[in-house]
Amino acid sequence: MKRRNFLQTAAAFSIPALVPITGVRANSSRFTSLIEPESDRILVIIHLFGGNDGLNTVIPIDRYDDLLNVRRSVAIEEKRVLKLTDTLGLHPEMKDMKNLFSDGRLGIVQSVGYPNQNRSHFRSTDIYTSGSAADEFLTSGWMGRYLETQYAGYPAGYPSSAEPHPPAVSIGDVAHPTCEGTKINFSQTVLDPNNTRTLAMMNGMSPDDKYGEELAFIRTTIRQTNSYNDVIKDAADRGRNAVTYRYRDESLWPKNSSNPLAEQLKKVARMISGGLRSKVYTVYMDGFDLHASQVVENNTHMGTHAQLLSDVSRAIGDFQNDLKAQGLDERVLGLTFSEFGRRIRPNASFGTDHGSAAPMFLFGSCIQSQVSGDNVDLNGDISQGDGVSMQFDFRDVYGSILVDWFNVRTSQVKNLLHDGFKYLPLTNKCNEDDVVNTDDTSTEDGWTIGQPFQSGDGKEISISVDSPGSNRLRYSLFDGRGRLVLANEIGVEGKADHKLFTRPSRLPSGTYVLRLATDSGAALTREVQFN
Amino acid sequence: MSKQSTQQPTAASPISPYTGAWDLEKAAHLLRRTVLGPSLKEIKTAQQAGLSATLDLLLKSAPIPDPPVKYRNDYDEYVQLGQTWINASYKGSNQYRGMSLKGWYYNNMMRVDQTNIQERMCFFWLNYFAISGPLTDHRAMYKELRLYQELAVGNFRTMLQRIAVEPRMLFCLDGHTNHKKNPNENFAREVMELFTVGKGELAGEGDYTTFTEQDVAALARAFTGWRNKDFLYSDYDIPVESYFDSAAHDTGDKQLSHRFGNKVIRNGGANEYKQVIDILLSSKAAALNFCKRLYRYFVYYDIDDDVLAHVIYPLADTLIANNFEVKPVLRQLLSSQHFYGQSIRGAVIKNPHDFICSMVRPFGEFWHETKTLNLQRRYELGNQYANYCTELQLEFLEPPSISGWKAYYDAPQYYRHWLSPALMQSRDRIALDNILDEDYHIKGDRIDLDYYSYVRSLSDPHNVDKVVEETVLVFLPRPITSAQTSKLRNMLLRGAAVSDWNWLVTKYIQNPGVDTYSRPVDDRLRDFFKVMFGFAEFQLQ
């Protein structure tokens with residue numbers, strides 16, 4: 001298990017350095033990151049149950065007049081909106097998340113949803129956690145299906161000396177449906193990692209019938225509870241929190257009341273800090289189903305929604321700062337989702353009813369794209385029942401995370417999520433080549449790409465590309481230390497030679513790695529020599 | 001002695017009457033699936049009475065329990081201490097009513113004065129219709145629970161008729177806003193998809209085999225006109241009632257699809273919903289769907305083709321043949337060969353109600369604890385059970401969705417939803433630290449299980465092996481290994497000889513309440529039950 005050993009060691013340092021190693025390459029035709037599937041990269045999923053009102057969370061300030069026009073009774077006053085860019089802002093209670101954005105550690109994917117949005121909390125939660133289409137009924141979760149590819153045969157044989165850690169951890173009583181496998185849920189449920197309970201284990205009868213099957217399930221649960229609790233408690237005891245997780249905002253909540261989301265994320269950070277290598281953590285927060293009194297009349301920046309968003313923002317802020325202070329921020333990616341957004345127009349009770357698409361937040365130091373998608377269009381004829389139209393399919397966000405974060409092939413993502421998967425470059429800032437393999441000429445999605453050549457006066461780098469139809473080709477150039485020095489994209493169509501870039505004078509001579517990625521996520525690497 | 005059948009096992013239909021041995025194990029199996037936490041006495045009585053007489057007892061229509069009362073001295077100008085609040089004005093301060101309702105519900109479940117299926121069926125219906133929110137007026141919630149108690153083993157058609165215009169159902173599925181000008185399909189859809197015919201395979205655009213979108217639209221119109229009186233938060237004394245507003249009712253013809261024989265629903269005014277229910281029940285799918293849900297609740301979660309053909313179909317025929325009376329169906333199921341088959345005995349993971357009741361009720365609940373028996377303490381005890389169940393993910397007045405709890409419909413996990421590593425630890429803590437250990441308190445009063453009466457109820461308490469054997473019969477679904485038996489035995493003997501146990505128990509029985517004699521036996525029994533409740537087997541019934 002040399003690779004594992006290497007990766008564990010590498011994880012102790014920060015990830016982005018391009019460590020020159022040879023012979024370490026995942027068996028994948030797409031660009032391979034330094035992070036192998038067996039790595040210690042972690043995804044934290046925050047479930048905001050109830051249907052969060054996206055339009056009062058991520059606010060299109062360039063369309064403020066339209067916004068007032070359609071939701072005056074609940075819209076946040078423009079002067080109070082926390083500006084992120086000239087066109088986009090956050091709810092006034094989300095100061096911590098604004099800071100993360102300024103620091104490049106927060107990404108916003110606008111108007112995430114799915115076709116034929118279902119407006120039932122439970123059905124839509126099933127859809128968001130199973131990763132199904134609106135008319136498809138899956139009993140497994142999208143992360144469970146991925147974990148199934150990584151932990152063959154689970155739960156039989158786990159934990160083992162090679163895999164002593166639970167594949168996933170759900171904070172709370174209930175194993176999160178996202179981690180549901182076809183046989184069993186992959187997550188260990190944890191209430192308090194420092195205070196676990198050892199269950200008695202005693203063998204008994206094992207008849208070959210239905211009673212025996214249920215008994216075997218219970219014994220497995222007991223055995224796994226105990227073994228995993230040992231590593232969980234060990235990690236929690238060894239781990240630490242480098243920042244103090246704040247109470248709820250005193251101006252919104254009673255003094256000294258703890259922030260339930262922060263309490264959960266604090267436990268997650270502690271376990272990660274102590275070396276728990278579960279790939280996925282889920283946390284849960286509810287209360288977003290605000291049909292009434294979402295805002296206070298004439299004081300729309302106040303009300304229940306403001307309280308909840310303040311909790312979310314402070315919790316994520318503290319969590320990120322904790323991870324960063326401990327040098328763990330590039331190992332952990334966060335994601336928020338809610339089963340739907342609210343309707344564009346408010347109801348008569350200063351609340352909003354079940355709607356459609358809504359923004360998702362991504363956070364961590366490996367966020368690549370800070371704002372994906374356009375601001376919500378509020379112009380035109382908007383009826384009382386209209387929700388926000390989707391721009392991105394949530395399965396494409398999930399799938400792109402699998403590609404970037406867990407190095408899953410796009411063809412496999414299609415199996416795990418949906419055939420129409422379209423890669424979105426959201427979270428690949430920290431991915432770099434481990435080794436330059438310039439041999440591959442064709443990608444799995446049917447492109448053929450030649451070797452780069454110098455043109456012009458020798459300063460231009462060009463390449464021959466044969467793409468199926470009209471497409472975009474993204475390129476990223478890394479220096480010998482693995483730092484991204486140049487990135488852009490070009491349009492390509494059919495077979496032709498294309499100029500990629502002119503060597504900037506700031507780049508010294510040496511060998512560089514060029515990563516070329518197609519818009520469905522396949523990629524190749526090439527070497528570029530500057531003399 | 002049990003009557004041993006001399007017949008060879010035949011390939012009789014699984015739904016035909018059980019003819020095998022009627023022994024204590026079979027009697028205990030029947031009671032565990034119908035009563036919550038049967039006692040040794042009940043098991044012995046059932047075995048002696050025989051299957052048929054036991055079913056008579058279990059399925060007898062039990063009286064509706066007395067309503068919940070004001071149990072503590074809160075200010076409530078409308079209700080005196082000890083009086084019921086179920087018809088009193090909702091105006092004013094009545095915070096205690098929610099607690100009263102909870103305590104009352106759980107105390108009903110625990111009551112030891114009757115051996116009946118009533119509370120088991122009450123929760124069946126509660127899960128069947130799974131009305132959630134708004135948690136507001138407790139009078140409305142009481143009214144719903146009372147309906148389930150009243151019709152526990154009643155008629156399915158009557159139940160559907162009553163629930164269709166029940167105030168909480170009207171709120172929950174928007175029936176109270178269903179107006180001819182703006183029909184709301186919420187109840188129309190669920191009454192077919194969940195409560196009657198079920199949703200079949202997609203056979204075409206908007207056609208689910210058992211019903212179509214056209215039927216949803218037609219039913220929505222047929223159900224128009226029902227309104228709730230404005231009882232919520234009312235400043236006036238308005239009773240919890242629904243009524244029919246003919247001005248809101250759509251009087252036009254409603255054309256159903258070929259799935260219901262292209263029938264037309266003609267205007268029936270305030271009785272039109274009954275016409276609709278009759279049409280829905282005329283589809284065999286309704287009886288099948290109902291019997292499947294009954295089966296999942298009482299027998300096992302997996303319904304394979306064999307069970308479908310040889311158990312569910314015959315049960316559905318019985319339901320139809322008896323004009324939707326539930327009792328004959330339950331009787332047929334609970335006296336069938338299939339129900340006593342080896343494989344499914346003990347194969348149900350206890351839901352939180354069963355888990356709590358199976359620990360407490362066999363000890364006669366806490367009726368011996370006279371100091372807790374005043375009115376307030378009784379309700380607080382019931383609330384304690386409710387809190388445990390909430391902690392174990394069953395909050396009885398807030399089903400997670402209109403489909404009910406996942407344990408009864410969500411494949412492939414079903415009952416396994418009740419258990420997770422965290423929930424296993426919570427169950428262990430509630431059993432060992434709270435219920436068994438000495439620090440079980442109800443508002444400051446430490447209370448303990450009634451080990452003394454339990455010991456006295458045993459056939460031969462002086463014989464340590466008989467104690468283990470009979471206790472296993474009561475608390476565990478099947479016999480255990482000799483290693484498990486000897487572990488339990490050692491908890492009682494603590495290394496001493498069997499004659500020492502004999503002596504201890506003799507003194508114990510002769511000197512009730514005398515610490516010198518009661519402590520040694522109580523302590524041993526407490527440790528004994530800690531081991532037994534920690535067995536994986538204890539999670540099953």
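So you know, we letter chains A, B, ... as the sequences are listed, proteins then strands, and number each from 1.
- In terms of heavy-atom pairs under 4.5 Å with chain A, the best-connected choice from B:Q393, B:Q539, B:R345 is B:Q393.
- Shown here for B:A422 and A:G172, the closest heavy-atom pair between the two residues is CB-O, 3.4 Å.
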- Let me see the working for A:L191 and B:Q425 under side-chain contact (heavy atoms from CB on, under 4.5 Å), right down to the final yes or no. CA-CA 10 Å; A:L191 289 173; B:Q425 291 171 81; over 6 Å; no
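- Here A:T221 contributes atom OG1 and B:L419 contributes atom CG; the two are 6.5 Å apart, rounded to the nearest 0.5 Å.
- Using a 3.5 Å distance cut-off with no hydrogens or angles, the side chains of B:Q413 and A:N185 do not pair a donor with an acceptor.
- Using a 4.5 Å cut-off between heavy atoms, A:Q224 makes no contact with chain B at all.
- Of all heavy-atom pairs spanning A:Y211 and B:P477, the tightest one is CE1-CG, 3.7 Å.
- Looking at B:S482, neither its backbone nor its side chain comes within 4.5 Å of chain A, counting heavy atoms on both sides.
- For A:T196, the parts lying near chain B are the backbone and the side chain together; criterion is any non-hydrogen pair under 4.5 Å.
- The environment of B:E205 atom CD is sparse: at most 12 non-hydrogen atoms of other residues, nucleotides or ligands sit within 6.0 angstrom.
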- Message: If you apply the rule side-chain contact (heavy atoms from CB on, under 4.5 Å), what do you find for B:K487 with A:M202, and how did you get there?
- Response: CA-CA 10 Å; B:K487 169 120 188 174; A:M202 182 148 195; 3.8 Å; yes
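- Atom CG of residue B:L392 and atom CG of residue A:D173 lie 7.5 Å apart, to the nearest 0.5 angstrom.
- When each of A:N226, A:V190, A:N203, A:I184 is scored by its heavy-atom pairs under 4.5 Å with chain B, the top score falls to A:N203.
- A donor-acceptor pair shorter than 3.5 Å can be found between the side chains of A:E214 and B:Y301.
- Proximity to chain B is limited to the backbone of A:T182, based on heavy atoms less than 4.5 angstrom apart.
- Looking only at heavy-atom pairs under 4.5 Å with chain A, the residue among B:M424, B:Q342, B:Q484, B:R416 that has the most is B:R416.
- Around CD of B:E201, the count of heavy atoms belonging to other residues, nucleotides or ligands within 6.0 Å does not exceed 12.
- Within the 4.5 angstrom heavy-atom criterion, no atom of B:Y415 approaches chain A.
- Contact annotation for A:E180: only side-chain heavy atoms (C-beta onward) come within less than 4.5 Å of a heavy atom of chain B.
- The backbone N or O of A:K210 sits less than 3.5 Å from a side-chain atom of B:S343, completing a donor-acceptor pair.
- Only the backbone of B:I480 comes within contact range of chain A, with at least one heavy atom under 4.5 Å from a heavy atom of that chain.
- Taking non-hydrogen atoms and a 4.5 Å limit, the residue list of residues 184-193 of chain B in contact with chain A is empty.
- At a 4.5 Å heavy-atom cutoff, the contact between A:L215 and chain B is made by backbone and side-chain atoms alike.
- Between chain B and the options A:A175, A:S170, A:A200, A:G204, heavy-atom pairs under 4.5 Å are most frequent for A:G204.
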- Query: Under the side-chain contact (heavy atoms from CB on, under 4.5 Å) criterion, do B:E537 and A:I218 qualify, and how do the steps go?
  - Reply: CA-CA 8 Å; B:E537 288 83 350; A:I218 296 166; over 6 Å; no
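- Surrounding CG of A:D208 are at most 12 heavy atoms belonging to other residues, nucleotides or ligands under 6.0 Å away.
- Checking side-chain atoms of B:S420 against main-chain N and O of A:V174 turns up no donor-acceptor pair under 3.5 Å.
- By a heavy-atom distance cut of under 4.5 Å, not one residue of residues 281-292 of chain A is near chain B.
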